[in-house]
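Since the structure is predicted, the reported quantities are computational estimates derived from the model, not experimental observations. The basis for the numbers below is simple: all heavy atoms, side chains too, and nothing from hydrogens, waters or symmetry mates. Note on naming: letters A, B, ... go to the chains in the order of the sequence lines (proteins, then strands), and numbering restarts at 1 for each one.
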Amino acid sequence: MLDQRIVRESPNLIAQELKRRGIEVDLTPLQLIAQNQQSLEDQLNKLQAEGNRIGKEVGKRIGQGTDPNAKEIIDLRAEGNLIKQKVADIDAEEKKVAANLRERLLSLPNLPSKECPNGRGESENIEIRRWGTPRREKHLKEHWEIAENLYLFDTERSARIAQSRFVTLFNMGAKLERSLINFMLDLHRSKGYTEVLPPVLVNTSSLTGSGQLPKFAEESFRCVDDDLWLTPTAEVPVTSLHRDEIIPVNDLPIRYAAYSPCFRREAGSYGRDTRGLIRLHQFNKVELYWFSHPEESQNAHIQITADAESVLQALELPYRVIDLCTGDLGFSASRTFDLEVWLPGAQTFREISSCSICGDFQARRSSIRTKDTNGTKLVHTLNGSGLAVGRTMAALLETGQQSDGSVVIPKALVPYFGHESIQPELPTQ
RNA sequence: GGAGAGGUGGCCGAGUGGUCGAAGGCGCAGCACUGGAAAUGCUGUAUAGGGGCAACUCUAUCGAGGGUUCGAAUCCCUCCCUCUCCGCCA
């Protein structure tokens, strides 16, 4: 959420920055609403002050022995009643205007950071570095082909259980998923992250606090009877972990590594990535999340990205780092580095982690502050996948595939997985 | 699900209609004392929005929302949450 004061005083600044995202808005109506809200609040404050004065006067006079039924008291009471009526009217109006203002503010995306490159969309993103050597041989298989022979997962039967875009893992597939989650969490723990296993059902306030609501309701699964939603990413519950808190400055930065299943409707992606583990309604993810002092957040962004990269490096998975341009930026982000892993079967890079700095955007929505000698201020929040587990498995299978149908497991994962490779002749039962 | 108790400042805890934004304690910060520290003493210490160069001041907030009243932390209603006991359950 953007600062109301800026909306009131210099909305052009906002309009200018939103334009970089490709959003053309006239903020004059919003400015008028904000100013109107403030003017109503001002009137309200003055009336309330008058009402308080009368109330105290009555108390004082009765306390001094004036007969509660004396004319002067009755007159004061009448005056108080008059003010009460006016207060009720203005208060109702102010609430209406304030709610309208908030709703509109909540629907505006974050402003891109100065460093974020301008661009209209995906095609104008900037590659900033690569790591590792991609496998470029011909006839490499895609992960679902590899998995079929090894009987690692089944998507068709999963449609019987749930719907399309769900997966059931079996045997070495299930074990691989489990070992990847443990591996990632241990790696991040060793760097000082606090491990978190949050609720998977989150309420409306949590989704609003991190920016998924009100604009993206159609992307989340909802339990209508309970005001609860299935979390689309651990970013949501972890943000709300400190909602309405003032974090002591010495506790910053707070760094969490949260594992959670993630649920997304993937509305509007019909026909895309219909096979395999790339795009599912339910997938596992280990999410990195920082609450940072505002002055430290730039460095934090570099660090959280490096921490996400370290997983790919440990797993020997080649990748590249993309600096998303303003037109491709997510709603809450002010700048984002995407990590794209190389998928040898598809001969392409695919997003496996998105490392974003949100500035005070989520902190203002969620009211998360810190206090130092200069006063109380909003913290900055950052998030990055570390990593999406299903896509990691896809990359591992395609990268480790051998001509005999087996898959070699990277050394770092062997202690977790318990096998150096996955062999076709392993029993499937 | 049934019965009962309760939700007050960073924490504990007083407050049942009139200078209560809220006693007291703890914690924290500053100052004094000390060679240094402990102990002690003094002072300060919520958040948000408005006005003022500032000192300061106004408004709101005692789980949330509504009501009664000139006036509500205090009375009434609704909801949410927590705890205890019983039932059920992985």
Please state how far atom CD1 in A:I74 lies from atom P in B:rG71, giving the value in whole angstrom units.
-> 15 Å
B:rC20 P sits how many Å from A:K56 NZ, rounded?
-> 9 Å
Do any side-chain nitrogens or oxygens of A:N81 fall under 4.0 Å of OP1 or OP2 in B:rU69?
-> no
C1' gap between B:rG25 and B:rG15, integer Å = 15 Å
Heavy-atom check, side chain of A:E177 versus side chain of A:M393, under 4.5 Å | yes
Just compare B:rG49, B:rU47, B:rU59 and give me whichever is closest to any side-chain atom of A:E41.
-> B:rG49
Pick base, sugar-phosphate or nothing for A:R8, based on heavy-atom distances below 4.0 Å to the nucleic acid.
-> sugar-phosphate
Nearest-Å distance once atom C1' is located in both B:rG18 and B:rC75 = 15 Å
Complementary nucleotide for B:rA22 - Watson-Crick or wobble, under 3.5 Å | none
Integer-rounded Å distance: B:rG17 C1' and A:R77 CZ | 14 Å
Distance below 4.0 Å between A:K95 side-chain N/O and B:rA60 OP1 or OP2 | no
P gap between B:rG49 and B:rU40, integer Å = 38 Å
Protein-nucleotide distance (A:R243, atom CZ; B:rC81, atom P), rounded to Å | 14 Å
Base-pairing assignment for B:rA60 (Watson-Crick or G-U wobble, both under 3.5 Å) | B:rU47
A:Q38 or A:G55, whichever maps to the more 5' nucleotide of RNA chain B = A:G55
Rounded C1' spacing from B:rU84 to B:rA29 in Å = 40 Å
Look at the aromatic rings of A:F221 and A:H281 and report parallel, tilted or perpendicular, splitting at 30° and 60°.
-> perpendicular
So, is A:K84 near the phosphate of B:rG71, with a side-chain N or O under 4.0 Å from OP1 or OP2?
-> yes
Is there a Watson-Crick or G-U wobble partner for B:rC42 with both distances under 3.5 Å, and if so, which one is it?
-> B:rG30
Which residue lies toward the 5' end of RNA chain B, A:K46 or A:R369, if each is placed at its nearest nucleotide?
-> A:R369
May I ask you to say what A:T376 touches in the nucleic acid, namely base, sugar-phosphate or nothing, with a heavy-atom cut-off under 4.0 Å?
-> sugar-phosphate
Given the C1' atoms of B:rU8 and B:rG63, what is the spacing between them in whole Å?
-> 10 Å
If the C1' atom of B:rA60 is compared with that of B:rG1, how far apart are they to the nearest Å?
-> 40 Å
Whole-Å distance separating the CD atom of A:E79 from the C1' atom of B:rG71 | 14 Å
ring-ring contact (aromatic ring centres under 6.0 Å, His included) evaluation trace for A:H242 with A:Y289 | CA-CA 12 Å; A:H242 292 285; A:Y289 197 102; 9.0 Å; no
To the nearest angstrom, how far is A:D42 atom CG from B:rG52 atom C1'?
-> 14 Å
Given B:rU47, B:rC70, B:rG66, which nucleotide is nearest the side-chain atoms of A:V58?
-> B:rC70
Out of B:rG50, B:rU59, B:rA46, which has the shortest distance to the side chain of A:Q48?
-> B:rU59
The Watson-Crick or G-U wobble partner of B:rC53, with both key distances under 3.5 Å, is none
Check: A:Q85/A:D89 side-chain N/O donor and acceptor closer than 3.5 Å = yes
What nucleic acid atoms does A:R53 come within less than 4.0 Å of, heavy atoms only: base, sugar-phosphate, or nothing?
-> nothing
Tell me the partner of B:rA5, counting only Watson-Crick (N1-N3 plus N6-O4 or O6-N4) or G-U wobble (N1-O2 and O6-N3) with both under 3.5 Å; none if nothing fits.
-> B:rU82
Can you tell which of B:rG66, B:rG49, B:rA48 lies closest to the side chain of A:N45?
-> B:rG49
Is there a Watson-Crick or G-U wobble partner for B:rC89 with both distances under 3.5 Å, and if so, which one is it?
-> none
Output yes when A:E266 and A:R264 qualify as a salt bridge under the 4.0 Å nitrogen-oxygen rule, no when they do not.
-> no
Integer angstrom distance from the C1' of B:rC31 to that of B:rC83 = 43 Å
Atom P, compared across B:rG65 and B:rU74: separation rounded to whole Å | 13 Å
Looking across every strand, which nucleic acid part, if any, lies under 4.0 Å from A:I62 by heavy atom: base, sugar-phosphate, or nothing?
-> base
Nucleotide of B:rU47, B:rC58, B:rC70 approaching A:A49 most closely (side-chain heavy atoms) = B:rC58
Which one is paired to B:rG71, where only Watson-Crick or G-U wobble pairs with both distances under 3.5 angstrom count?
-> none
Should A:W290 and A:L252 count as side-chain neighbours, where that means a heavy-atom distance under 4.5 Å?
-> no
Using Watson-Crick or G-U wobble geometry with both distances below 3.5 Å, tell me the partner of B:rA37, or none.
-> none
Which of parallel (below 30°), tilted (30 to 60°) and perpendicular (above 60°) describes A:H143 and A:F153?
-> tilted
Length of the CG-P vector between A:L378 and B:rA48, whole Å = 9 Å
Whole angstrom is fine here: how far is it from CG in A:L47 over to P in B:rG50?
-> 19 Å
Qualifying residue for salt bridge (Lys or Arg N to Asp or Glu O under 4.0 Å) with A:D273, from A:R165, A:R391, A:R350 | A:R350
